[in-house]
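There's a structure below that I have some questions on.
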Amino acid sequence: SGVTRDIKFHDGEWNDKHFTVVDTGGLVPNSDDQMEQSILSQAAIAIEKADLIVFVVDSKVGVAPLDKHITKLLRPVSDRIITVANKVDNVKSEMGVYEFQELGLGEVMGISALNGHNFADFLDKLTENLPEIEPDEEEANYTAIAIVGKPNVGKSSLVNQITGQQAVIVTQEPGTTRDSVHLNYFYQDQKWRLIDTAGLRRKNKVDFGVEYFSNIRSIRSIENSDTVVVLIDATQKVSAQDKRIIRYARSKFKNIILAINKWDLIEKDGKTMSKFIDYYKYHLDFVSYAPLVFISAKYGTKVTKLLEKIIEVRKNNFERIKTSDLNKFIKKTVAKVPPRHPSRKRVRVYYCTQAEVDPPTFVFSVNNPKLITKNYKRYLLNEIRKEYGFEGVTLKLFFKER
Ligand code: GDP
């Protein structure tokens, strides 16, 4: 008791069924201890989200007062409970299993986690009761977030705020590369993953090379994410490094949110924020579609707003415009400012469809793709955004010959 603290995710497979096991910390209801309370509230959300709940009791101890208490908590979801009595490794403890029937949570199965007794039966029962889920559906629910920015901008502070005060932390999971750690947790209805938090937490004491390594890390985490939160220090000018990071995220067609951090350090009057907005819109005009959120990672100010923005942008990323609407709109847009080419060759835009979401991809059918100028592409992009929004989403345009 009191040893397991973190909640962990593990992926499992049995009889061709794939599932994720959420290993909650030990439950201690009505505890005054803050850590235990936080485990309980995390477990409560895990219980709410889970398709099945495995309630583990100790066959060597018998029905304990705590088991009865937890049973009460689980009663409302009893149709999703499988109760197992653990530590059944001899005949004597096998006898102890029946005692747990009195909890009224259905048939209790005796197992031994240590020596595997009854485990195949247990896993059969588990997987029989799991709903069928399309793997794609599962992926779509999942938001991978990279928090990037130059050293000392407040990345670790932000991660700590998010995991400390928001919703439920669920785990640390080893990432794909050797010393990177992903942090999984639930936020509202969604499963989120913060990419490479180890890189944020482990501080390099030596200044030399810090920027270089932080760049490499940023690049890796941007690649592994679908939403990039770029932290920018409000007390400093926009730097070349900030721009590099943003350009890279844009080139990978990621969702981008600009979080202006250390906002608490700025002296403000009624016009300060709009001045700052103008400043960033001007210096970062190549991502004018990225929302700006002014936060203080240190004090947690507006962190919730940032999280809501992430959800909103993610929704935009899956928006699909009906082809008929899109074509009406494109026709109007092309008529308003017709495409021209310096060669004076005739340029025609015939048709447009949104071929994909995530990222939204627009395919234009034209007489000759080479005749569409960069400026004209920008015009089309801007008009699409004016009409349909897509805030925070990097759109893809393709031009192909009819
Ligand atoms: P990282 O290198 O990007 O992970 O930055 P850290 O999170 O370690 O923050 C660097 C320093 O800036 C620390 O001393 C933080 O306390 C401080 N800091 C971070 N966010 C804020 C903020 O919103 N306001 C203020 N005043 N300080 C902050």
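Counting convention: from 1, in listed order, for ligands and their atoms alike. Every heavy atom of this structure was used, including side-chain atoms; hydrogens, water molecules and symmetry mates were not. Numbers for residues simply follow the sequence, beginning at 1.
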Atoms in ligand 1 with a heavy atom of Ser296 nearer than 4.0 Å: 22 (C), 23 (O), 24 (N)

Full working for side chain to side chain contact (heavy atoms under 4.5 Å, CB included) between Val63 and Phe100: CA-CA 6 Å; Val63 177; Phe100 290 97; 3.7 Å; yes

Closest to atom 28 (C) of ligand 1 among Lys150, Lys155, Lys298 (heavy-atom distance):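 That would be Lys298.
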
Ser157 side chain to Asn160 side chain, donor-acceptor N/O pair below 3.5 angstrom: no

Intermediate values then yes/no, salt bridge (Lys or Arg N to Asp or Glu O under 4.0 Å), Glu383 and Lys386: CA-CA 5 Å; Glu383 293 299 308; Lys386 266 194 240 162; 2.9 Å; yes

Residues Asp124 and Asn15: side-chain donor-acceptor under 3.5 angstrom: yes

Selection from Ser157, Pro151, Ala297, Ala234 by shortest heavy-atom distance to atom 19 (C) of ligand 1: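 The nearest heavy atom belongs to Ser157.
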
For ligand 1, the portion of Asn152 having any non-hydrogen atom under 4.0 Å away: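 For Asn152, backbone and side-chain atoms both sit under 4.0 Å from ligand 1.
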
Mode of Val153 contact toward ligand 1 - side chain, backbone, both, neither (heavy atoms, under 4.0 Å):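 Under 4.0 Å from ligand 1, Val153 contributes backbone and side-chain atoms.
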
Nearest candidate to atom 4 (O) of ligand 1, where distance is taken over non-hydrogen atoms, out of Gly154, Ser156, Gly149: Ser156

Between Tyr289 and Thr394, a side-chain donor and acceptor under 3.5 Å: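 Note: Tyr289 and Thr394 side chains meet the donor-acceptor criterion.
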
Any side-chain donor near an acceptor of the partner, Asn224 and Ser221, under 3.5 Å: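 Note: Asn224 and Ser221 side chains miss the donor-acceptor criterion.
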
Element-labelled atoms of ligand 1 that are located less than 4.0 Å from some non-hydrogen atom of Leu265: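 Under 4.0 Å from Leu265, ligand 1 has these atoms: 26 (N).
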
